[in-house]
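Notes follow the structure.
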Amino acid sequence: MNPIIAPSVLSADLSRLREQVEAALAGGAEWMHVDVMDGHFVPNLTFGAPMIRALRRITDCPIDVHLMVEHPERYIDDYAAAGANLFSFHPEATVHVQRHLAAVRERGMLAGLVLNPSTPLAMIEEVVPDLDLVLVMSVNPGFGGQSYLPGATDKIRRVRALLDARRSPARLEVDGGVTAANIAEVRAAGADTFVAGTAVFGAADVRTAVSELHRLCSARA
Ligand code: DX5
Ligand code: ZN
C-alpha cells in the first residue's frame, strides 16, 4: 500500500492554519489528522467539529479524525456532516463497538479503531471485517511532542500479521513520536499510514519536512 502522511493539526500554529495546511499538502501530505480530546478519556482538551469544518474550507483532502473521547458514537453524525472522512475511536471508550463501527460506515466515513500502548490486539480481533483502519498508538495519547515508545514496533508487526491473515484491506496507521529518525523502521514493521505532528509543524519548513518523511518511508529499509 502506498504510504500516506497525515500531519496532525494539534501541532500546527492555529493562527496560520491555512498556510500551515497548504504547506503540508504542497509537501505531499495526503490526509490531515485531527485529534479530538475531551479531558476525560485523555487528560487534555482540544477541538471538535468546528476544526473539521475549518479544514474542509481549506482543502478537499481526506480528514482523518482521531477521537480520544468517551462515547465517541455521540459525534458520528456531527462529524460526518462537518466533512470528516475517517472516524477512529478507542474501543475502551464505549460499549457496542461493532454497532458504532457500522454506524460510521453508514454515514459514509471510513471506520477505525485505536490501540493504546497497553491495549491488546484482542480488542480488535472480533471486528476486523468492520474496520477500514487500525491505528496503533506509539505514545500514550493526550499530547503532541512525546517520544515514540519502542514497543510499538513489535505491535505494528503483530497487527500487520493479523490483518494479512484475515485478508483485511484495512490501513495500518501509527500515531505518536513519528519522525524522520524512525519512520523507515515503522514502515518496515508494516505500517502504511503515518501521523506526524511535531515532525511536520514543528519544523522550520513544513513543506520540506513532509517531503522528507515521504522520501524516508518510501526508501527500502
Ligand atoms: C497524541 C495524538 C497525536 C499527536 C502526534 O495524543 O493522538 O496525533 O498529535 O503528535 P507527535 O507527532 O508530535 O507525537
Ligand atoms: Zn492522533
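Note that the numbering runs from 1 along the sequence shown for the chain. We count ligands from 1, going down the list as the structure has it; atoms in each ligand are counted the same way.
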Contact check: [X] vs ligand 1, nitrogen or oxygen atoms, below 3.5 angstrom:
| X | answer |
| --- | --- |
| G176 | no |
| N140 | no |
| L10 | no |

For [X], take its heavy atoms, then give the atoms of ligand 1 lying under 4.0 Å from any of them.
| X | value |
| --- | --- |
| P141 | 6 (O) |
| D35 | 2 (C), 3 (C), 4 (C), 7 (O), 8 (O), 9 (O) |
| M37 | 6 (O) |
| V195 | 8 (O) |
| H66 | 7 (O) |
| H33 | 8 (O) |
| D175 | 2 (C), 3 (C), 4 (C), 5 (C), 7 (O), 8 (O) |
| G142 | 1 (C), 6 (O) |

Ligand 1 contact on A196 by region, counting heavy-atom pairs under 4.0 Å: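 Just the backbone.
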T198 contact mode with ligand 1 (heavy-atom cut-off under 4.0 Å):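 Under 4.0 Å from ligand 1, T198 contributes backbone and side-chain atoms.
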Closest D175 atom to the Zn ion (ligand 2) [N, O or S only]: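 Per the distance ranking, D175 contributes OD2 as its closest N/O/S atom to the Zn ion (ligand 2).
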Salt bridge R171-D132, side-chain N to carboxylate O under 4.0 Å: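 No salt bridge links R171 with D132.
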NZ/NE/NH1/NH2 to OD/OE distance under 4.0 Å, D192 and R160: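 Salt bridge: yes.
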Minimal non-hydrogen separation, G190 against L172, with atom names: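 So the minimum-distance heavy-atom pair works out to O-CD1, 3.6 Å.
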[atom] [closest protein heavy-atom partner, distance rounded to 0.1 Å]:
| atom | answer |
| --- | --- |
| atom 12 (O) of ligand 1 | G197 N, 2.8 Å |
| atom 1 (C) of ligand 1 | F143 O, 3.5 Å |
| atom 10 (O) of ligand 1 | G144 CA, 3.6 Å |
| atom 14 (O) of ligand 1 | G177 N, 2.8 Å |

Test item: side-chain donor near acceptor, [X] and [Y], under 3.5 Å:
| X | Y | answer |
| --- | --- | --- |
| T153 | E185 | yes |
| N182 | R187 | no |
| H33 | D35 | yes |
| D13 | S15 | yes |
| E70 | H90 | no |

Ring geometry between F87 and F89 (parallel below 30°, tilted from 30 to 60°, perpendicular above 60°):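 Geometry flag for F87 against F89: perpendicular rings.
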H66 NE2 to E173 CD distance, which is reported to the nearest 0.5 Å: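 The CD atom of E173 is 8.5 Å from NE2 of H66, to the nearest 0.5 Å.
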Angular separation of D35 OD1 and H66 ND1 about the Zn ion (ligand 2), given to 10°: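 About 90° at the Zn ion (ligand 2).
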Side chain to side chain contact (heavy atoms under 4.5 Å, CB included) between M51 and L14, worked out: CA-CA 10 Å; M51 173 58 82; L14 297 183; 3.7 Å; yes
V97 with V36, same ILVMFWY side-chain cluster at under 4.5 Å: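 They do share one cluster, since a chain of ILVMFWY contacts under 4.5 Å joins V97 to V36.
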Option set G145, S11, S147, A199, criterion heavy-atom distance to atom 11 (P) of ligand 1, minimum: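 The residue whose heavy atom sits nearest atom 11 (P) of ligand 1 is G145.
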